[in-house]
Amino acid sequence: MTRYDLALIGFGGVNRALAELIAGRGDALEAELGFALRVVAITDLRAGSLVRTDGDGIDLAPLLAVAPGELDFSAMDGGDAEPRNEWVIREVPADIVAEATFTNPMDGEPALSHVRWAIEAGKHVCTTNKGPVALHCRSLRELARRHGVCFEFEGTVMSGTPVLRTARRMFGGLAVTGFEGVLNGTSNYVLGRLESGLSFADAVAEAQALGYAEADPTADIEGYDVQLKVMILANEVLGAGLTRADVPCTGISALTAEDVRRAAAEGLRWKLVGSAARRPDGTVEARVAPVALPDGHPLAGVTGPVNTVAFHTDLLGTVTVGGPGAGRVETAYALLSDVIGIHEQSGRAVAGAKSLQEAHRG
Ligand SMILES: NC(=O)C1=CN([C@@H]2O[C@H](COP(=O)(O)OP(=O)(O)OC[C@H]3O[C@@H](n4cnc5c(N)ncnc54)[C@H](O)[C@@H]3O)[C@@H](O)[C@H]2O)C=CC1
Ligand SMILES: N[C@@H](CC=O)C(=O)O
């Protein structure tokens, strides 16, 4: 039975939910997917680092029994008060590094370095961190190709909803001309709560407690989170090569509860919309802005942390993908789907190498 050893970098909502998935249904996953998962290292800014490469690896149950803010690895066997990210990523034997630290929309660091170190050490990477992917995807892909490892990031757009894989695998042979979508769970949740009478601050606090918001929710409210997602989607699906400067961005902070309620009474729903479209000259224009959509518009009925993106294509017209856009478990599932993707690609690589050997022999 194949087994993948995982190093978890960042042990907040998402990677903790991944650990819960592995601890809670590892055996069922093993039976269904044909591979086992063992966590051999965890690092976190607040908890420190923990490494166990013997036996079953790290015993996750006792860690998960401790409240997130109270976890301290320093007194544990194999533990250290420091995160020791570089040492863990480069030196601890692991097959896959799951990166889920804070997203930095300015330069992608320190997650960018985490991803680079892992790839340079010959480890596959899956990440939910939008910074490195939006800002440096091309160079990281090239680095991964040179080192013969996978670089997967399904969770960076619409959490566990498989929008990137759908667009990459299912749109072969047609031209995507653009897309528009509700791509941030927090702002959409906040707009809905304003409509039902909550204050802005209370609505944001709820979104934080539910695990939807970024560590600094300004990214959700001012639209930077959607800006990164638009870049990722446009660069993946339209080959756009967009930088942040190419995507003008306005968030929802200027909207008041009164604006939202008045619009609702007039049959309009405010939504934070991220969009991109190919111009006749082949370049791509993109933006992030709040829009008051009439009831009946396909994006007007998207509520709470649900996200939806409508892709415009030449052969199929508009194809819409919708599902959870945020949430700890939902995003942990994206990491699991990346691991499955890595397993499939590794299987193909092994099968390819075997048939090459057979061809040489025969
Ligand atoms: N929560 C969600 O719904 C989604 C989150 N994401 C992304 O996934 C990542 C993780 O999200 P959450 O777990 O919700 O965030 P979180 O804030 O709950 O957890 C992040 C963890 O990373 C740790 N950390 C920060 N910097 C670190 C460093 N330099 N070294 C080691 N640990 C470090 C923090 O101590 C914290 O425990 C973020 O980049 C976020 O943008 C993506 C899609 C959805
Ligand atoms: N903060 C983000 C989480 C997922 O990317 C959101 O609210 O959508």
Side-chain angles (χ1 to χ4, degrees), residues 7-20 41-50 68-73 80 82-89 97-105 108-115 117 126-134 153-161 163-164 181-191 203-204 206-230 232-233 251-252 272 274 302 304-307 323-335 338:
L8 310 185
I9 309 304
F11 201 57
V14 171
N15 260 345
R16 212 179 142 96
L18 178 65
E20 277 163 8
I42 302 176
T43 71
D44 188 88
L45 200 57
R46 292 180 276 236
S49 52
L50 185 61
E70 286 162 26
L71 206 52
D72 177 2
F73 296 146
D80 194 296
E82 295 300 316
R84 304 189 74 197
N85 290 320
E86 182 163 8
W87 177 78
V88 165
I89 293 170
V97 170
E99 215 288 348
T101 65
F102 303 142
T103 284
N104 172 348
E109 290 290 9
L112 173 62
S113 294
H114 299 159
V115 172
W117 296 334
C126 51
T127 184
T128 56
N129 198 312
K130 288 148 268 191
V133 183
F153 44 85
E154 182 59 60
T156 56
V157 182
M158 286 174 67
S159 71
T161 306
V163 65
L164 291 171
V182 171
L183 292 168
N184 181 266
T186 301
S187 57
N188 204 47
Y189 180 86
V190 166
L191 289 170
V204 172
E206 278 192 1
Q208 286 179 298
L210 288 163
Y212 306 149
E214 296 302 302
D216 177 358
T218 314
D220 299 294
I221 300 308
E222 298 301 349
Y224 311 134
D225 177 79
V226 181
Q227 190 183 40
L228 297 180
K229 288 167 175 166
V230 165
I232 295 170
L233 257 188
I252 62 166
L272 183 59
V302 178
V306 172
N307 283 184
R328 301 176 181 109
V329 174
E330 294 82 348
T331 312
Y333 176 72
L335 290 174
D338 284 343

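Counting starts at 1 for both ligands and their atoms, following the listed order. Numbers for residues simply follow the sequence, beginning at 1.
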Examine Ala215 against ligand 1 and note whether any of their N/O atoms are separated by less than 3.5 Å. no
Show me, by chain and number, every protein residue that has a heavy-atom distance under 4.0 Å to ligand 2. Lys130, Asn184, Gly185, Thr186, Tyr212, Ala213, Glu214, Asp220, Asp225, Lys229, Gly325, Ala326
Select the closest option to atom 4 (C) of ligand 1 among Leu71, Thr331, Leu335, judged by heavy-atom distance. Thr331
Would you please name every residue forming a side chain to side chain contact (heavy atoms under 4.5 Å, CB included) with Thr331, sequence neighbours left out? Val14, Thr128, Ser159
If you measure every N/O of Thr101 against every N/O of ligand 1, is any gap under 3.5 Å? yes
Atom indices of ligand 1 within 4.0 angstrom of Gly155 heavy atoms, with elements: 42 (C), 43 (C)
Measure across Val182 and Val306 and return the closest heavy-atom pair with its distance rounded to 0.1 Å. CG1-O, 4.2 Å
Quiz question for you: does at least one protein heavy atom lie closer than 4.0 Å to atom 6 (N) of ligand 1? yes
From Glu214 CD over to Thr186 OG1, what is the distance, rounded to the nearest 0.5 angstrom? 7.0 Å
May I ask you to check if ligand 1 and His114 share an N or O to N or O distance below 3.5 Å? no
Need the ligand 1 atom indices (1-based, order shown) with element for anything under 4.0 Å from a heavy-atom of Asn85. 28 (C), 29 (N), 30 (N), 31 (C)
For Leu183 and Gly274, the nearest pair of non-hydrogen atoms, with its separation, is CD1-O, 4.4 Å
With heavy atoms of Gly327 as the reference, note each atom of ligand 1 found under 4.0 Å away. 2 (C), 3 (O)
Close-contact set for ligand 1 against Gly211 heavy atoms, below 4.0 Å: 1 (N), 2 (C), 3 (O)
Determine, stepwise, if the pair Thr156 / Lys229 fulfils side chain to side chain contact (heavy atoms under 4.5 Å, CB included). CA-CA 7 Å; Thr156 56; Lys229 288 167 175 166; over 6 Å; no
Do you know which two heavy atoms are closest between Asn15 and Ala98, and how far apart they sit? ND2-O, 3.1 Å
Enumerated ligand 1 atoms positioned under 4.0 Å from heavy atoms of Gly12: 13 (O), 18 (O), 19 (O), 21 (C), 37 (O)
Got a second to check how far Asn184's CG is from Asp225's CG, nearest 0.5 Å? 4.5 Å
Evaluate Thr101 against Thr43 for side chain to side chain contact (heavy atoms under 4.5 Å, CB included), listing each step before the verdict. CA-CA 10 Å; Thr101 65; Thr43 71; over 6 Å; no
Should Thr128 be counted as touching ligand 1, given the test is an N or O pair under 3.5 Å? yes
On a heavy-atom basis, which atom in Arg328 and which in Ala209 lie closest, and how many Å separate them? NH2-O, 3.4 Å
Output, in order, the C-alpha distance, side-chain angles, deciding distance and verdict of side chain to side chain contact (heavy atoms under 4.5 Å, CB included) for Thr161 and Asn307. CA-CA 9 Å; Thr161 306; Asn307 283 184; over 6 Å; no
Donor-acceptor side-chain pairing of Thr127 and Asn129 below 3.5 angstrom: no
Under 4.0 Å from a heavy atom of Phe11: which atoms of ligand 1 are those, numbered in the order shown and with their elements? 37 (O)
Can you tell which part of Pro110 has a heavy atom less than 4.0 Å from ligand 1: side chain, backbone, both or neither? side chain
Considering Val14, Ile9, Asn104, Asn15, which one's heavy-atom position lies nearest to atom 12 (P) of ligand 1? Val14
Nearest-contact summary for atom 15 (O) of ligand 1 - protein heavy atom, Å: Gly13 N, 4.5 Å
For the pair Leu45 and Phe102, evaluate side chain to side chain contact (heavy atoms under 4.5 Å, CB included) and give the outcome as yes or no after the intermediate values. CA-CA 10 Å; Leu45 200 57; Phe102 303 142; 4.2 Å; yes
Atom pair NZ/OH of Lys130 and Tyr224 - distance to nearest 0.5 Å: 14.5 Å
Quick one: look at Glu330 and ligand 1, take heavy-atom pairs under 4.0 Å, and tell me if it's side chain, backbone, both or neither. neither
Counterpart residues, side chain to side chain donor-acceptor pair (under 3.5 Å), relative to Asp44 (two or more places apart): none
Test ring pair (Phe, Tyr, Trp, His ring centres under 6.0 Å) applied to Tyr189 - qualifying residues, sequence neighbours left out: Tyr212
In ligand 1, the atoms that come under 4.0 Å of a heavy atom of Glu214 are 40 (C), 41 (O)
With heavy atoms of Ala326 as the reference, note each atom of ligand 1 found under 4.0 Å away. 3 (O)
